[in-house]
Amino acid sequence: MAVEVIHEGATILLRLSNGPVNALSVGNGFVGDIMAKVRLAVSDPACRTIVVTGAGRMFCGGADISDFDGDPAQIGLLRDLIAAVEDSGKPVIMAIHGMALGGGLELAMAGHVRIAQAGSRLGLPEVTLGLLPGAGGTQRLARLIGAGAALDMMLSGKPVTAERALSLGLVDQLVDGDVVEAALEVARNAPPLRRTGALPVPADLGEAIEGRRAKLRGGLSQAPTRIIDCVAALSDDLAAGLALEAELFGELMRSEASRGLRHAFFGERTVARIPGLSGDVRPREVRHVGVIGGGLMGTGITLALLNAGVPVTMVELRADALAKAEASIRKTIQRDVEKGRIDQAVADARIAAFTPATELDALSDADLVIEAVFEDMGVKKQVFSALDAITRPDAILASNTSTLDLDAIAALVADPSRVVGLHFFSPANIMRLLEVVRGRETAPDVLATAMAFGKRVGKVSVVSGVCDGFIGNRMFEEYLRQVWFMLEEGALPQQIDAAMERWGMAMGPCRTMDLAGQDIGWAIRKRRAVEQPDRPYSGVIDRICELSRFGQKTGKGIYVYPDGRTAEPDPEITKLIEDYSAEIGLTRRAISDEEIVSRCLLALINEGARIVGDGIAYRPVDVDMIYLHGYGFGRERGGPMFQADLMGLPAMLDRLRTLAAGRNGWAWTPAPLIEQLAAKGGRFEDLNIQG
Ligand code: 3H9
């Protein structure tokens with residue numbers, strides 16, 4: 001952390017340097033240091049102009065997000081800095097390269113001239129953290145580029161290119177070469193003191209506000225509404241606008257949505273770190289990848305890899321299935337061209353990187369092979385025994401299994417240390433989650449390679465130990481167990497789904513299982529009836545399966561699908577559910593939406609706590625990221641374990657104990673980790689620091 005001061009004739013150049021993104025941290029003293037150096041420059045009689053630039057790969061990535069968990073008052077110093085820059089009696093020229101985001105762009109807007117290097121990007125992404133630009137951004141951006149354009153930038157959170165910033169009037173000059181040189185050149189000519197805060201209120205204000213308010217969608221985060229409120233408050237009285245902005249920023253900062261979104265931001269980065277993995281461990285190089293299996297999963301995985309520029313050889317032993325997979329891959333890539341997502345040249349390159357094959361021999365030179373064949377140990381055995389003989393001894397062998405014991409699969413090859421699980425979620429080219437399954441024998445560099453590979457193909461990769469269902473599906477089983485119990489007790493599917501969707505799940509559980517295929521859940525329940533006879537399920541869902549209503553793919557499941565896609569409640573199912581309750585002698589009762597959400601959530605949390613306690617997940621946040629990226633858990637809700645901390649573990653434990661004393665109470669035995677944490681006043685968050 002340093003602010004380098006360089007004297008260039010009558011100009012003082014301040015180079016900001018604070019870690020990878022030059023975050024404007026108040027907590028570590030960085031903002032205080034910038035403030036001190038700005039004051040010195042302003043009071044230095046030999047200094048006529050000031051240039052501010054960032055060290056390393058960018059100008060500035062914004063305020064330090066971790067400051068928002070501390071004392072809210074301390075953030076005021078960042079606002080003071082920005083005011084000091086704008087009010088400076090000497091011109092301040094901002095030299096922008098890489099990125100200027102959030103507080104970084106707000107600092108830049110307080111300068112009197114902005115020069116950006118071609119290729120850099122500028123934005124106010126606060127809305128993605130459930131916040132508004134709280135250091136003058138809502139008041140200054142609209143003055144510079146108009147209210148409509150400013151609202152578009154702030155409500156989308158998406159940065160604009162330097163080229164677009166120039167055309168909008170956000171920057172004054174674009175340079176191809178050295179941006180600091182260009183800024184020093186401007187400084188030598190002592191530009192006028194054009195203060196952004198003194199610019200007039202834009203003429204399009206009223207119209208822009210009206211249009212954006214009409215488009216507001218509901219949601220847990222109040223940030224979009226508050227951004228509009230701040231812009232609507234624009235007047236000649238800058239101080240009043242800034243005061244409102246600061247007040248609303250404080251409210252948002254404390255909101256559940258922002259806390260959840262900040263948890264997600266840091267969580268996505270935390271899960272990439274593997275506790276205990278030595279810094280000397282280097283990932284292996286992965287150039288040539290093989291995918292075995294041309295079914296839905298193999299096709300999705302292949303697409304995900306091709307989209308990330310990874311060449312793939314797909315092996316499917318049946319020529320007709322291979323042809324079908326290839327046709328589907330070509331069609332999906334071409335659709336991306338039609339939708340304007342990529343151009344034809346990119347599509348051609350992706351298709352050219354695809355090699356179909358019907359023999360496993362085609363993988364003799366592969367660095368990584370991902371098996372996505374039928375979920376049957378006999379089939380896996382054949383594949384892994386063959387791969388053991390065919391592949392290079394240093395090639396990594398990955399299984400996409402979601403239900404089988406990875407250690408048993410690894411035992412099929414001579415060197416089990418080269419086996420790892422890569423559990424993609426369907427559709428694998430869309431879903432961002434990758435569960436990286438660490439077997440008992442998986443070598444550290446194989447694990448590191450799997451994580452690096454996941455990052456390369458754009459996934460949020462989370463490590464799971466070996467257990468039935470790994471992290472995500474093991475928890476989902478307990479969630480579904482409660483859903484089916486609630487159906488027999490008095491709820492209807494549409495009520496459960498609506499309650500969960502209103503709360504923040506992308507899709508309710510009944511609809512999700514209709515989409516995944518009810519036959520999959522049925523097969524698991526049959527297996528469980530043998531393995532865990534003391535943990536029964538409600539039979540109501542089996543009754544639906546007995547009618548061969550397997551969900552969307554069969555046109556009927558819990559819901560009916562008259563157009564093949566849209567779920568509609570079915571009176572026949574309502575009757576089936578009510579009859580089932582009568583048959584088991586249960587008087588149906590009204591179940592509130594609150595109870596639905598609470599039971600679904602507690603089931604996830606309790607099992608998640610067991611998973612962390614068993615060491616299957618490294619940290620509670622790993623569980624959260626799996627739910628956000630693989631199960632449609634609302635990002636603003638942060639994840640199940642984050643929710644547990646919000647509830648407070650003692651309160652949660654009380655609720656679990658109450659449930660444990662009720663109907664099917666065996667399902668609610670509190671996880672030991674919850675009891676331990678509650679007893680010592682701890683939180684799951686305290687366990688997230690490892691790694
Ligand atoms: C704001 O500015 C509010 C103001 O309006 C008002 C205040 C009053 N803070 O993503 P990476 C860390 S809100 C703290 O892997 P990349 C990150 O955790 C802020 N830490 O790099 C990671 O740490 P680690 C508005 C931050 O090259 C490391 O830096 N700004 C921050 O893939 C590298 O990050 C934003 O929302 C931060 N602001 O992407 C931008 N930024 O190594 C948030 C990064 O320990 N940041 N870190 O895991 C980003 O979007 C990306 O980090 C960025 C670089 C695009 C900048």
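Please read these numbers as outputs of a predicted model, since none were measured by experiment. In listed order, ligands and their atoms are each counted from 1.
- Residue nearest to atom 37 (C) of ligand 1, selected from Gly27, Ser258, Gly62, Ala63: Ala63 (by heavy-atom distance).
- Atom CZ of Arg121 has 12 or fewer heavy atoms from other residues, nucleotides or ligands within 6.0 Å.
- For Arg39, the CZ atom sits in a loose shell: 12 or fewer heavy atoms of surrounding residues, nucleotides or ligands are nearer than 6.0 Å.
- Neither the backbone nor the side chain of Thr270 has a heavy atom within less than 4.0 Å of ligand 1.
- No side-chain heavy atom of Met154 sits less than 4.5 Å from a side-chain heavy atom of Ile228.
- Ligand-side atoms of ligand 1 in range of Phe266: 18 (O), range being under 4.0 angstrom from any heavy atom.
- For the pair Ile65 and ligand 1, the shortest N or O to N or O distance falls below 3.5 Å.
- The distance from ligand 1 to the heavy atoms of Pro20 drops below 4.0 Å at these ligand atoms: 28 (C), 29 (O), 33 (C).
- Taking distance alone, with nitrogen or oxygen atoms compared against 3.5 Å, Glu106 approaches ligand 1 more closely than that limit.
- Ligand 1 does not have Gly137 within reach: every non-hydrogen atom of the residue lies 4.0 Å or more from it.
- Note: Phe642 and Tyr627 fail the aromatic proximity criterion, with ring centroids not under 6.0 Å apart.
- Within ligand 1, the atoms closer than 4.0 Å to a non-hydrogen atom of Gly102 are 2 (O), 25 (C), numbered from 1 in the order shown.
- Considering backbone and side-chain N/O of Glu126, one or more are found under 3.5 Å from N/O of ligand 1.
- The atoms of ligand 1 that sit less than 4.0 Å from any heavy atom of Ala135 are 6 (C).
- For the pairing with Asp152, the salt bridge (Lys or Arg N to Asp or Glu O under 4.0 Å) check across Lys158, Arg212, Arg164 returns one residue only, Arg212.
- Between Arg194 and Val113 there is no side-chain heavy-atom pair separated by less than 4.5 Å.
- Set against the non-hydrogen atoms of Arg273, the atoms of ligand 1 under 4.0 Å away are 24 (P), 45 (O), 48 (O).
- When heavy-atom distances to ligand 1 are checked against a 4.0 Å cut-off, Asp64 comes that close through both its backbone and its side chain.
- For the side chain to side chain contact (heavy atoms under 4.5 Å, CB included) test, residues two or more places apart in sequence or in another chain that qualify with Leu193 are Pro91, His112, Arg195.
- In this structure, Asp367 and Ile396 have side chains that are not in contact, with every pair of non-hydrogen atoms separated by 4.5 Å or more.
- Counting only heavy atoms from C-beta outward, the side chains of His263 and Met625 approach each other to under 4.5 Å.
- A donor atom on one side chain and an acceptor atom on the other are found under 3.5 Å apart for Glu245 and Thr138.
- Among Leu131, Leu155, Leu124, the one residue that satisfies the side chain to side chain contact (heavy atoms under 4.5 Å, CB included) test with Ile227 is Leu155.
- Every atom of ligand 1 is numbered from 1 in the order shown, and the set under 4.0 Å from a heavy atom of Met99 is 55 (C).
- Summarising the contacts of atom 35 (C) of ligand 1 with Gly134, Gly250, Pro125, the nearest heavy atom is found in Pro125.
- Taking only nitrogen or oxygen atoms, main chain and side chain alike, Arg269 reaches within less than 3.5 Å of ligand 1.
- Here the options are Leu433, Val623, Val436, Asp624, the test is side chain to side chain contact (heavy atoms under 4.5 Å, CB included), and the partner is Val462; only Leu433 passes.
- Residue Gly61 places at least one N or O, backbone or side chain, under 3.5 Å from an N or O of ligand 1.
- If you number the atoms of ligand 1 from 1 as listed, the ones under 4.0 Å from a heavy atom of Pro133 come out as 5 (O).
- By heavy-atom distance, the residue among Ile82, Leu261, Asn22, Val21 lying nearest atom 47 (N) of ligand 1 is Val21.
- Within a 4.0 Å radius of atom 32 (O) of ligand 1, the protein has no heavy atom.
- Note that atom 11 (P) of ligand 1 has protein non-hydrogen atoms nearby, at separations under 4.0 angstrom.
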Could you walk me through whether Glu106 and Gln139 pass the side chain to side chain donor-acceptor pair (under 3.5 Å) test, one step at a time? CA-CA 10 Å; Glu106 291 174 299; Gln139 302 301 296; over 6 Å; no
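- Of the polar atoms of Phe68, none of the N or O atoms is found under 3.5 Å from an N or O of ligand 1, judged by distance alone.
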